[in-house]
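Comments concern the structure below.
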Amino acid sequence: HNKRIEFEKKNRCFICSLERPDFDRLSRTGFHQHIHNEHFMWNYVFFMLHLKSKDPTEYDGVESIIADNIRHRDPGWIPNERALVLEESVEQETEQDVELDRRILRSLRQHLQLDSAIDLRRQDSKKKNYAT
């Protein structure tokens, strides 16, 4: 039981529940950076304490929404199975894939145009041979 808990602590983000390999494979900064900076669990605790100690009439818009979520026990404000660093990585990969697809398509078009030009020359050459 304790081994499983230790494994979870070392390999799963407490906030978003995503696993170490996702960060180590897809982000430049890695899992350690993610759990100690981006989703540092104590920041969430401190923020909830901040809301509890602050006069609700002084909340800004975001604080009001999150306080309301907390009051209704709605965890929607916590990024479950989401991390900006991974979403940015996927967006970057998608942009790179789109650019690669464009290059491939451009190359195919050029190849097809070249093939068409070669076919036309062959046909012209055959016509000339038949004419003589």
Side-chain angles (χ1 to χ4, degrees):
H1 181 70
N2 286 340
K3 287 182 182 180
R4 182 68 187 159
I5 292 171
E6 281 303 309
F7 179 83
E8 290 290 322
K9 283 165 108 176
K10 291 180 182 177
N11 293 288
R12 185 179 303 273
C13 174
F14 182 79
I15 300 300
C16 68
S17 300
L18 293 173
E19 296 181 349
R20 174 185 293 274
D22 295 329
F23 293 96
D24 291 343
R25 184 172 42 92
L26 296 172
S27 79
R28 288 184 220 150
T29 55
F31 183 73
H32 183 79
Q33 172 77 13
H34 173 72
I35 63 169
H36 289 285
N37 292 301
E38 297 156 357
H39 282 173
F40 187 55
M41 71 175 152
W42 295 110
N43 285 345
Y44 287 78
V45 173
F46 296 141
F47 185 72
M48 289 188 293
L49 291 173
H50 160 76
L51 291 177
K52 190 173 180 95
S53 67
K54 188 173 182 178
D55 183 347
T57 61
E58 295 180 13
Y59 288 164
D60 64 20
V62 172
E63 290 172 331
S64 294
I65 292 168
I66 293 173
D68 191 49
N69 282 335
I70 293 169
R71 197 171 24 263
H72 291 98
R73 298 185 184 272
D74 177 359
W77 66 282
I78 297 173
N80 186 30
E81 295 188 6
R82 288 187 334 229
L84 283 177
V85 68
L86 295 183
E87 290 173 9
E88 289 168 357
S89 175
V90 168
E91 285 175 16
Q92 184 178 14
E93 284 181 9
T94 301
E95 288 173 16
Q96 290 171 348
D97 290 344
V98 167
E99 181 56 31
L100 181 61
D101 289 346
R102 284 184 186 139
R103 288 181 183 171
I104 291 170
L105 187 58
R106 207 174 305 128
S107 177
L108 284 171
R109 283 184 188 142
Q110 290 171 350
H111 184 71
L112 289 172
Q113 288 172 350
L114 182 61
D115 282 350
S116 294
I118 291 171
D119 286 343
L120 286 174
R121 286 187 184 151
R122 284 184 185 152
Q123 289 173 2
D124 285 345
S125 178
K126 286 181 183 178
K127 285 180 187 177
K128 287 179 185 177
N129 287 338
Y130 289 126
T132 55

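Sequential numbering from 1 along the given sequence is applied to the chain's residues. Heavy-atom basis, side chains included; hydrogens, waters and symmetry copies ignored. Computed from a prediction, not measured in an experiment: that's the story for all the values here.
Aromatic ring pairs are classed by plane angle as parallel below 30°, tilted from 30° to 60° and perpendicular above 60°; the pair F23 and F31 is tilted.
Dense packing is recorded around CZ of F47, with more than 12 heavy atoms of other residues, nucleotides or ligands lying under 6.0 Å away.
Here the CG-NE2 distance, from L84 to H34, works out to 9.5 Å after rounding to the nearest 0.5 Å. For the atom pair CG (D60) and CD1 (I66), the distance works out to 8.5 Å, reported to the nearest 0.5 Å. Note that CD of E38 and SG of C13 are 9.0 Å apart. Values are rounded to the nearest 0.5 Å. Taken to the nearest 0.5 Å, the CG atom of D24 stands 11.5 Å off from the CD atom of E19.
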Q) What do the steps show when you test E6 against K3 for salt bridge (charged side-chain N to carboxylate O under 4.0 Å, His left out), and what is the final call? A) CA-CA 5 Å; E6 281 303 309; K3 287 182 182 180; over 6 Å; no

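Cluster membership check: I65 does not share its hydrophobic cluster with W77, using side-chain heavy-atom separations under 4.5 Å among Ile, Leu, Val, Met, Phe, Trp and Tyr. Taking hydrophobic clusters as Ile, Leu, Val, Met, Phe, Trp and Tyr residues chained together by side-chain heavy-atom distances below 4.5 Å, Y59 shares a cluster with V62. Criterion: ILVMFWY side-chain heavy atoms under 4.5 Å apart, direct or through other members. Under it, I70 and F46 are part of a common hydrophobic cluster.
Side-chain contact check for E63 versus E58: every heavy-atom pair is 4.5 Å or farther apart. Two residues are said to be in side-chain contact when any heavy atoms from C-beta on lie closer than 4.5 Å; M48 and K52 fail this criterion.
The minimum heavy-atom distance linking R20 with K10 is given by the pair NH2-O, 2.5 Å.
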